[in-house]
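Chain identifiers are assigned alphabetically (A, B, ...) following the order of the sequence lines, protein sequences preceding nucleic acid strands; residue numbering begins at 1 within each chain.
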2 protein chains.
Amino acid sequence: MTSDYESMLREASLRVTRPRVAVLTAVYDHPHADTDTLIGVVRAAIGEVSHQAIYDVLRALTTAGLVRRIQPANSVARYESRVGDNHHHIVCRSCGVVADVDCTVGDAPCLTPSDDHGFGIEEAEVIYWGLCPSCTTTPVSEDISDPGKESHVRQS
Amino acid sequence: MTSDYESMLREASLRVTRPRVAVLTAVYDHPHADTDTLIGVVRAAIGEVSHQAIYDVLRALTTAGLVRRIQPANSVARYESRVGDNHHHIVCRSCGVVADVDCTVGDAPCLTPSDDHGFGIEEAEVIYWGLCPSCTTTPVSEDISDPGKESHVRQS
DNA sequence: GCATTTTCTTGAATGAATCAAGAATAGCCC
DNA sequence: GGGCTATTCTTGATTCATTCAAGAAAATGC
């Protein structure tokens, strides 16, 4: 397992360090987790690591294409290990939980704008907004845009 | 003009105040502008107004459905006046400028997820990422995710 | 006009994320 | 294996969009 992640790092021309292997492992084990959650997971795995190191590692991994960063409106940055398969996301308006949605048309980009305004389009990102099953039956009092509340569908 | 915006506010059961009319006007005149830009526009129009008032007004207008808030990853909140027509956006990865894209399939939601995971889907948001014409010919040195730089395609 | 409710002002606080400088370490050559 | 150099991590401060809080001001309904 660990050696797999080491190989991934090496193949991406990234130096292999304990924090990097731990962060990569954490992102694979906890899809859509935010930075703070990942810091907790990494520290539980290998002991104290500075938050700055986690930020640096996540940036390096994202730049290298080993993880993907997603950031729905009103949410902090989240990371996932599924890369390069053009899948999309459903985000709960109430608790902010994220679920994957496969592209209905396969791996190829499934969307083309009606008018690209001269932009060179590289990617079409789709975010479906709605209520997760849990929030449908047990509504959370406040909207996700209100701070000070924690999702009841916590990434484990 | 002003009376139109006043009517809009009244019809939304919002009290008519100078800051609200000015913010509504500013959003109509400067589509996709960020909060800071709007603060500048509003102050140029009606004199000193607290930034907190602008935040409050934008929240009220957004909640009332008079304006729409968009927030692409790595960007601050932006506001636009086109609401209810299900259009989407192209965002420049380099300078962050935003352009509108009409829904190719008309006003109805043009997307349905392959598996909604039990979520009640309310909206499909599409963000196309790419390079705007200006950044294609005059590349900006750094990515939008890097701070400390201002778009060369400033709103207004 | 006046009372009531909402909104705006003032000023402080929050929190994710970044910056900066020095210490530690991975990878490479001998 | 030992040392060199670039990269990475630690420590601690800082930034900045946004929010919180409490009181002053203004808008609507009677």
> Looking only at heavy atoms, which two atoms of B/I90 and A/D116 are closest? And how far apart?
Replying inline: CD1-O, 3.4 Å
> Could you state the CG-P distance from A/L58 to C/dA16, rounded to the nearest angstrom?
Replying inline: 14 Å
>> Please determine whether a side-chain nitrogen or oxygen atom of A/T35 lies at a distance below 4.0 Å from atom OP1 or OP2 of C/dA16.
In response: no
> Is B/R20 salt-bridged to B/D56, cutoff N-O under 4.0 Å?
Replying inline: no
> Which letter, B, S or -, goes with each nucleotide of nucleotides 4-10 of chain C from 5' to 3', with contact meaning a protein heavy atom under 4.0 Å?
Replying inline: -BBSSBB
> Taking atom OG of A/S81 and atom CG of A/L24, what is their separation to the nearest 0.5 Å?
Replying inline: 8.5 Å
> Which residue, B/R10 or B/R69, contacts DNA chain D at a nucleotide closer to its 5' end, judged by nearest heavy atom?
Replying inline: B/R69
> In whole Å, what is the span from the OH atom of A/Y55 to the P atom of D/dG12?
Replying inline: 18 Å
>> Can you measure A/I46 atom CD1 to D/dT8 atom P for me and round it to whole angstrom units?
In response: 15 Å
>> Please report the distance, rounded to the nearest Å, between CG in A/D36 and C1' in C/dG15.
In response: 10 Å
> Salt-bridged, B/E123 to A/R93, with N to O below 4.0 Å?
Replying inline: yes
>> Output the rounded distance in Å from CG (A/L38) to C1' (C/dA17).
In response: 15 Å
> Roughly, in whole Å, what's the span from CD in B/E6 to C1' in D/dT28?
Replying inline: 14 Å
>> Quick one about B/H87 and B/D100 (side-chain donor to acceptor, distance below 3.5 Å, no hydrogens or angles considered), yes or no?
In response: yes
> Which whole-number value in Å describes the distance from A/R59 CZ to D/dT7 P?
Replying inline: 16 Å
>> Parallel, tilted or perpendicular, judged at 30° and 60°: which one describes the rings of A/H32 and A/H89?
In response: perpendicular
> B/N74 CG to D/dC16 C1': how many Å, rounded?
Replying inline: 15 Å
